[in-house]
Novice: 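Input: one structure, supplied below.
These numbers were taken from a predicted model, which means no experiment stands behind them. Each chain gets a letter, A, B and so on, in the order the sequences are listed, and its residues count up from 1.
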Amino acid sequence: MLTRHSFKSNAVKSNSIKSTSIKSTPAKSAGLLLAGLAAVGAFIASVMLGSTDIAWSSLWAALNHYDPSQVAHIILFTERLPRAVIAALVGASLAMAGVLMQTMTRNPLASPGILGLNAGAMFFVVVAVSLLPLHTPAHYVWAALLGAFVAAVLVVLLSRSRHGELSPLRVVLAGVAVTAMFVSFSQGLLVIDQQNFESVLYWLAGSVSGRELSLVVPLLPLFGGALLLSALLVRHANALLLGDEIVTGLGMQATTIKLLLGLVVIVLAGGAVALAGMIGFVGLIVPHMARGIFGIDHRWLLPASALLGACLLLLADVASRLLMPPQEIPVGVMTALIGTPFFIYLARRKMASQ
Amino acid sequence: MTQSSTLTYESGANNESNRLLHSLWLLSLLLAASAGLSLCLGSFPTQPLQVLSALTAPAHSDIAFIIWQLRLPRIVLAILVGAALAMSGAILQSIVRNPLASPDVVGITSGAALAAVLYLTLLSTSLSTLLSIHWLPAAAMLGALVSALLVASLAWKNGISPSRVVLVGIGLAAAMGAGTTLLIVISEDSAAMTAYVWLTGSLYAAQWGDVMGLMPWLLAATPVVLAFSRHADAMALGDQVAEGLGVPILRSRMILLGCSVALAGAAVAFAGGLSFVGLIAPHLAAKLVGRNLARLVPVSALVGALIVVNADLLGRVAFLPKDLPAGIFVAGIGAPFFVYLLHRSRGRV
């Protein structure tokens, strides 16, 4: 009963969103193009701006003839470029994970950060780094994926009430409980093993700086697989919004679809944490922004969220460099400060109807 | 009929007050035993008889300093902090009507922590001539108050709905946690580690001055809470019922909330962010004596004190020569307990 009721109110809400979003296909294509251009612009800004600004000419020269004797070229290739690539990847994957989670739970507050996936991944990485002799990037990735998986299973088990419905409050509380557990375990490790303070704090605060591009390599096939799978399942994701029966009508079990999409979410969220630690709220805000512009059709929503997520994290990272020089603010702190008002707004709106 | 029903009612009441008495005695005994054990154990080996003589005749003992100035204030502070947090949690759970509410979940603790870390950061700057470390508790309490007011006003929408309070509190806790991380990252390394250990919740280097600072808050808040506990119990039946019984709902709720904030803020000010005591202790106490607030508050206080004293003992002794923050042990047990509670409450929240 309750599921159906909340589904109805969701449908009403999505209709009201649809009326403000753009409808025609050419306009959506143009919108997607604009989002892509914005992401490219943010990428270039992230490469050029910082404590030493890099001029257009030296950017061009470095790309054509890399000269290791020039400081600007070294900064560009060892720091700025990896950082921008990681920020773009992390932003895009968190945003896509957020879209899929909000679709699967039909809960506007769902996101990898709030539901504890980030914390689970972070804890397993911290354990791998500080307790086990696992120090290569590939190890981080597998630890993070395992952690995201464990957290996801825990949250699903906890948020399911006896009758199977998922109330928004329960889902969020389950996420908070799981996050609290993993964060407090990590803090315990941190205080016991103070030598690893720096590296653990890095994962806790969330940052895209100081990472090498080699970290990205083991993740590329995983991200590629996740993208492919989500591309194959867009129509099923659309059907999930309408109810589990519709998915069955498309010739597949709703549970199978949810499991496959869950796998995509775990790979995206775990990979993002392996690269950058706990970065919250990107997966919450961006899907709502993208839905406001492009509507609820996943064929547009997923690519648009990826582009906007990349854009948001790149810009947040640039801001974190420029706001308080020479100090750098961890970008996870920036996104939390931007995202909280939005979370409270959603919580007020959602809980008002109950 | 009437007679028999009053009879059963009376015997029920007797039964309940018996349970209360038994629980109070049992918990007090356990607490005394834990405190005694904690007094005897430590990095400096001491015998129970030595400790006893140091307690009774400090002038003739070699270890009087260790017992009177190092261990005893720390144990007393642990008792007070545990009691304050547990009472704060019991009150909050009763007025928010949500078994998962606690000062940490709804953001009161993180507000206090943010204010305290901000104050610690200011202390290490040029402003240090104007400020003194003695005002740290006041800063933490102010932070707790501001965050409670923020949560209440942001959750306000034609009255306060309990679930909205919890959700808004979770959101605000995230923002204030981010602010705290920001401060830690931008301050110098040594200050950062101090702030971090403090945040985890530690009773390291507790002094009699701290005990004296925390005591008045407990003494002031407890009678108020007990006086208003009947209103809280009426409100637990629903706002309409309470109104029908003539309870001034808004005023009682605000006064009880104020007590809860003051207790949590004071505890955080002296012991840092000891999370989960305010969540677990009331639940364990409710298992013993039920949800009636006048009974729940004293029993919760004892349970909370018991938890913190033992966690601190574990932190001091288990990993010698390291002195670990008690908060690690409380959180390590408390967080899985939170998960368990959520599992138990299926179908109710």
Novice: Measure Phe182(A) against the heavy atoms of chain B and call it side chain, backbone, both or neither at under 4.5 Å.
Specialist: neither
Novice: If you compare all heavy atoms of Ala180(A) against all heavy atoms of Phe276(B), which two are closest, and at what distance to 0.1 Å?
Specialist: CB-CZ, 3.6 Å
Novice: Do you know which of Ala174(B), Gly179(B), Ala175(B), Ala173(B) has the most heavy-atom pairs with chain A at a distance under 4.5 angstrom?
Specialist: Ala175(B)
Novice: Looking only at heavy atoms and a cut-off of under 4.5 Å, which of Leu154(B), Leu172(B), Asp104(B) has the most pairs with chain A?
Specialist: Leu154(B)
Novice: Taking every heavy-atom pair that is under 4.5 Å apart, which of Leu337(A), Val333(A), Leu154(A) has the most such pairs with chain B?
Specialist: Val333(A)
Novice: Can you tell which of Val168(B), Ile170(B), Leu182(B), Val330(B) has the highest number of heavy-atom pairs within less than 4.5 Å of chain A?
Specialist: Leu182(B)
Novice: Heavy-atom distances under 4.5 Å only: say whether Phe329(B) touches chain A with side chain, backbone, both or neither.
Specialist: neither
Novice: Does Phe149(A), at its CZ atom, have more than 12 non-hydrogen atoms belonging to other residues, nucleotides or ligands within less than 6.0 Å?
Specialist: no
Novice: If you compare all heavy atoms of Phe185(A) against all heavy atoms of Pro336(B), which two are closest, and at what distance to 0.1 Å?
Specialist: CZ-CG, 4.0 Å
